[in-house]
Amino acid sequence: MVHEYKLIEVEEAHSLRDRLDLLDDVYYIDRSVHALNRGLNGEIGSYHSIGDSSIPKDIREKLYKIAPKKDLPVTEIVINKYRIGDWMPPHEDDVGPAYCSTLHLEDSEEGLSYEGGLSKNKAGWCKEFPMNFVHWVEPVSDPRYSVIFLYGRGI
């Protein structure tokens with residue numbers, strides 16, 4: 001159900017991660033307070049994100065350049081930042097975009113959990129899954145980032 005493929009080299013993923021590490025916290029919104037991503041049972045997770053218009057121009061241009069090519073245009077990019085202990089409740093992303101691809105910037109024994117499995121994060125690799133796919137992120141033990149490419153939102 002989760003389709004995974006290499007998008008960029010590990011070194012490029014780590015370079016993006018290092019650039020994101022330099023950003024001040026004011027770039028990120030606290031998703032437990034703003035733009036809530038409610039779980040299936042109303043739970044509210046704990047993580048931070050930067051929306052497309054707030055991503056610094058140099059990073060945004062690079063991300064649009066490397067975005068996976070699809071039959072619909074990338075209409076938005078979101079960067080999720082997970083600090084130690086952050087998590088995302090079981091939920092579906094079936095509102096808004098037609099579909100998405102998620103790029104990981106570091107290797108981890110953790111990753112995207114779903115009923116019946118765990119898809120571990122691999123630096124430079126993308127994950128794709130249906131928008132109505134129930135998934136979650138368990139509390140993280142190491143800081144990490146996910147870059148989400150959204151396709152067809154608002155078209």
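The 12-atom threshold is not exceeded at OH of Y27, counting heavy atoms of other residues, nucleotides or ligands nearer than 6.0 Å.
Aromatic ring centres of H135 and F129 lie closer together than 6.0 Å.
Classification of K122 and E106 as a salt-bridged pair fails, no side-chain N sitting under 4.0 Å from a carboxylate O. Between D107 and K120 there is no salt bridge, since no side-chain nitrogen of the basic residue lies less than 4.0 Å from a carboxylate oxygen of the acidic one. Salt bridge annotation for D25-R83: present, with a cationic side-chain nitrogen under 4.0 angstrom from a carboxylate oxygen. Residues E61 and K57 are paired through a salt bridge, judged by an N-O separation under 4.0 Å between the basic side chain and the carboxylate.
Here CD1 of I59 is found 4.0 Å from CZ of R19. Values are rounded to the nearest 0.5 Å. Of the inter-residue distances, the one linking M88 atom CE with L112 atom CG reads 9.0 Å to the nearest 0.5 angstrom. If you take OG on S49 and CG on N37, they are separated by 9.0 Å, rounding to the nearest 0.5 Å.
Cluster annotation: L20 and L103 are assigned to the same hydrophobic cluster (Ile/Leu/Val/Met/Phe/Trp/Tyr, side-chain heavy-atom contacts under 4.5 Å, transitive).
Cation-pi geometry between R17 and Y145 is not met: the NZ or CZ atom fails to fall both under 6.0 Å from the ring centre and inside 45° of the normal. A cation-pi arrangement is present between K81 and Y28, with the terminal nitrogen or guanidinium carbon under 6.0 Å from the aromatic centre and inside a 45° cone about the axis.
Side-chain contact between K70 and S101 is present, with heavy atoms from C-beta onward closer than 4.5 Å. Contact of the I77 side chain with the Y64 side chain is registered, since non-hydrogen atoms from C-beta on lie closer than 4.5 Å. No side-chain heavy atom of E109 sits under 4.5 Å from any side-chain heavy atom of L118. Contact of the Y99 side chain with the L72 side chain is registered, since non-hydrogen atoms from C-beta on lie closer than 4.5 Å.
With hydrogens and angles disregarded, a donor-acceptor distance shorter than 3.5 Å links the side chain of R60 to the backbone of I55. No donor-acceptor distance shorter than 3.5 angstrom exists from the side chain of E12 to the backbone of V10, with no hydrogens or angles considered.
Counted by atom type alone, S46 and D86 present one or more donor-acceptor pairs between their side chains at under 3.5 Å. In this model, no donor atom of one side chain and acceptor atom of the other lie less than 3.5 Å apart for H3 and K127.
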